[in-house]
Amino acid sequence: MGFSLKKLASGLLKTKENLVSKIKAAVGLHKKIDGALLDEIEEILISSDISVETSTAIIANLKEKVAQRGIDNSDEVFQLLRECLKDLFVDISTEPFFACNKKPYVIMIVGVNGTGKTTSIAKIARRFVNDGKKVTIAAADTFRAAAIDQLAIWADRVGCHLVKGQEGGDAAAVAYDSVQSAIARGDDVVIIDTAGRLHTKTNLMEELSKVKRVIKKAMPDAPHRTLLVLDGTTGQNALQQVEVFKKMLDIDGIIITKLDGTAKGGAVFSIVERYKLPVVLIGIGEQMDDLDEFKAHDFVEALFT
Amino acid sequence: MFDTLSEKLEGVFKTLRGHGKLTEQNIKDSLKEVRRALLEADVNFKVVKQFVANVEAKASGQETLRSISPGEQVVKVVHDELIAVLGGQNAPIAFRSTPGKLLVCGLQGSGKTTLCAKIALHYKKKNARPLMVAADIYRPAAVKQLQVLGKQIDVPVFHVDKKPPQICEDAVEYARANNLHPVIFDTAGRLHIDTELMDELRNIKSKINPDEILLVADAMTGQDAVNVATQFNETLDLTGVVLTKLDGDARGGAALSIRQVTGKPLKLVSVGEKLSDLEVFYPERMASRILGMGDIVSLVEKAQETIDVKEAEKLEKKLRKDTLTLEDFYQQLQQLKKMGSLESILKMIPGVSSAIRDVQIDESSMKRVEAIILSMTPDERAKPTILNGSRRARIAAGSGTSVQEVNRLLRQFEQMQKMIKQMRGGKFNKKMMPGLFPG
């Protein structure tokens, strides 16, 4: 499915204004494609929270294309850049997220504090419920005060099962129970919430990999998706988060939230360029249907048209 | 992932060492690296531009100093300028009235609720009677979260089933009637572009007239920090900013951006998951962090705060007489623990931070050592020589470890005693004491 282009464009309006309008303005000021123009474009990319490294790589690709095609008129840079950005996504898997080809389809959600894990889970669960699926949510964030209550309220609103433990209890046990009970009930989807933790806390990261190992005891090929939730307003640190979570947990996809609140939706490009990890879902608003599948083509189009 | 600015500049200046003056060209080369370093630290690019221009003006024409390399010299100029922009001096929280009123606001997920509890705990420790006000009626269980935290630190939480401005107004009355001070208002996270909710904040402000209005900003925030801070400041005329999640590895360039565009001081920093993990903001430390230079000042201060001078003197005497026991060793461990996790201590040492990025520090090995020592009798701790096989087996069972681990600890301890014997000849330096723990 994914967002309609119109909705995407309005959710990404700020990024669009920041990134694309500025590039257009820069192109307008230079007649020819030269070092100065490319420097300016690179700076605009960086100012959109695209990492310094990725910006350099994009510009290198752009230069190559310019040379190959013997272009020197600056007007065409705009189209070339659009291509360059799409190029980043070429080798990235695009398995549909909501397809749900396992039963139960087990999704583990991880991330640093305050990125929007719990809210995202509510939105994902609602989507599955609307598709006629039976959903179990596991409140395995046993650390943050009232995290379980927050998820319980959501489970109630969305209409799905909730498996919870005690505050301060064992997260892995909650995750295990949730998968087991979902199997017993014949539920289609299990979504496991975990406590936010900074990627620099080694022991807390260890705990997460334990949760993942224990899930496998309940269902050997689970979790089928281990997704990292990134806050769209995070800057260059987003890459460090991906790096550590990937190493410790072998995450296979990213959810980027709060993209509507930032003029700098550039993290998407850096993650894909550097880690070849798919961005699975993006959040562009506070409404329940404001989280949906990420489509690279549409994303770039929404920005550039 | 990032090299420190100092390392990069070393590269730029490698060929230039020995030149008498910082020339225009080598300043230009180095400023390119400075610019990049700041961008990588999430400083807003506009702020970077202005900042770099200032540095250029200050650096040009400076005589190179014999004692340091030109690279270091540019770093120093950058560092000094950073400190100047970040605030020069720290700005304490100030209450004009009783009860003092402190309003906390920010984006979703920046850490407002936890911060409220941290601030409340801070005042409670100073024997004040704080009150927390739960005015986030939107996020599910947000009120409950504050109530749970309130219970943890034994601070009352005010909430009534009304609109946020009304809740806040009632809370002030409640505080006055019950003689509570200061009052800390937790508000819902909101996007700076959400006009309706920004109006609500303005409304709260006019109802309660707060002494402090603090914007809570995630240290990991990227380029957009500028827009967020500008909007909140325009709406509320902030009195200060709090940076959270500084226990992560973000450079925190947002601090510089926010300070630059709002002109409002950074007041506090939040540095951990524990409710006591709240510190005053120090510009020098933040400057070092943004440049990736480590934070030796914090480390020294932490050591001074936590290491008990009397204990240290007692230990020094013992060391001189060569009577170090396992009991002393245990005390030493406790002192070290008070300074925080081993990892956080190491991170503060310049140069170490990048070196240990990938090293896993096993905090639990320290716990095992503790458990082993605690499973010994006082006699055994004083005279480890009496530890025969059966005693060792008992200790291993008692501490949940293995005899091998007990043996290893005893071996390390023996080596330490030998080392101390060697040291006794020379002067014993108090500062070396935290190093007693065999890493």
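First the proteins, then the strands, lettered A, B, ... as listed; each starts at 1.
With salt bridges taken as basic N to acidic carboxylate O contacts below 4.0 Å, none links A/R197 and B/E273. A salt bridge links A/D290 with A/K7: at least one charged nitrogen is closer than 4.0 Å to a carboxylate oxygen. Ion pair B/K144/A/D149 flagged as a salt bridge, since at least one NZ, NE, NH1 or NH2 atom sits closer than 4.0 Å to an Asp/Glu carboxylate oxygen. The pair A/E167-A/R144 fails the salt-bridge criterion, with no side-chain N (NZ, NE, NH1 or NH2) lying under 4.0 Å from an Asp/Glu carboxylate O. Taking the charged nitrogens against the carboxylate oxygens, B/R251 and B/E40 have no contact shorter than 4.0 Å, which rules out a salt bridge.
Options A/V112, A/D231, A/T233 differ in how many heavy-atom pairs under 4.5 Å they form with chain B, and the most are formed by A/T233. The choice from B/G253, B/P140, B/G248, B/G109 that makes the most heavy-atom pairs within less than 4.5 Å of chain A is B/P140. Highest contact tally toward chain A, considering only B/L191, B/L149, B/T114, B/T113, is held by B/L191 [criterion: heavy-atom pairs under 4.5 Å]. Note: B/T221 leads B/T244, B/V148, B/T221 in heavy-atom pairs under 4.5 Å with chain A.
For A/I148, no part lies near chain B; criterion is any non-hydrogen pair under 4.5 Å. Heavy atoms closer than 4.5 Å to chain B are found in both the backbone and the side chain of A/T234. Using a 4.5 Å cut-off between heavy atoms, A/S55 does not touch chain B at all. Using a 4.5 Å cut-off between heavy atoms, B/I193 contacts chain A through its side chain alone, with no backbone atom that close. Contact annotation for B/K112: neither backbone nor side-chain heavy atoms come within less than 4.5 Å of a heavy atom of chain A.
Among residues two or more places apart in sequence or in another chain, the salt bridge (Lys or Arg N to Asp or Glu O under 4.0 Å) test is passed with A/D170 by A/K210. For A/A125, the side-chain contact (heavy atoms from CB on, under 4.5 Å) test picks out A/V135, A/I137, A/V158, A/C160, A/I191, with sequence neighbours left out. Every ring-ring contact (aromatic ring centres under 6.0 Å, His included) that B/F158 has, sequence neighbours left out, goes to B/Y174.
Taking 4.5 Å as the heavy-atom cut-off, the residues of residues 38-46 of chain A that approach chain B are A/E43, A/I46, ordered by number.
Within a 6.0 Å sphere centred on NZ of A/K276, heavy atoms belonging to other residues, nucleotides or ligands number more than 12.
When side chains are defined from C-beta on, B/S257 does not count as touching B/Q223, because their heavy atoms never get closer than 4.5 Å.
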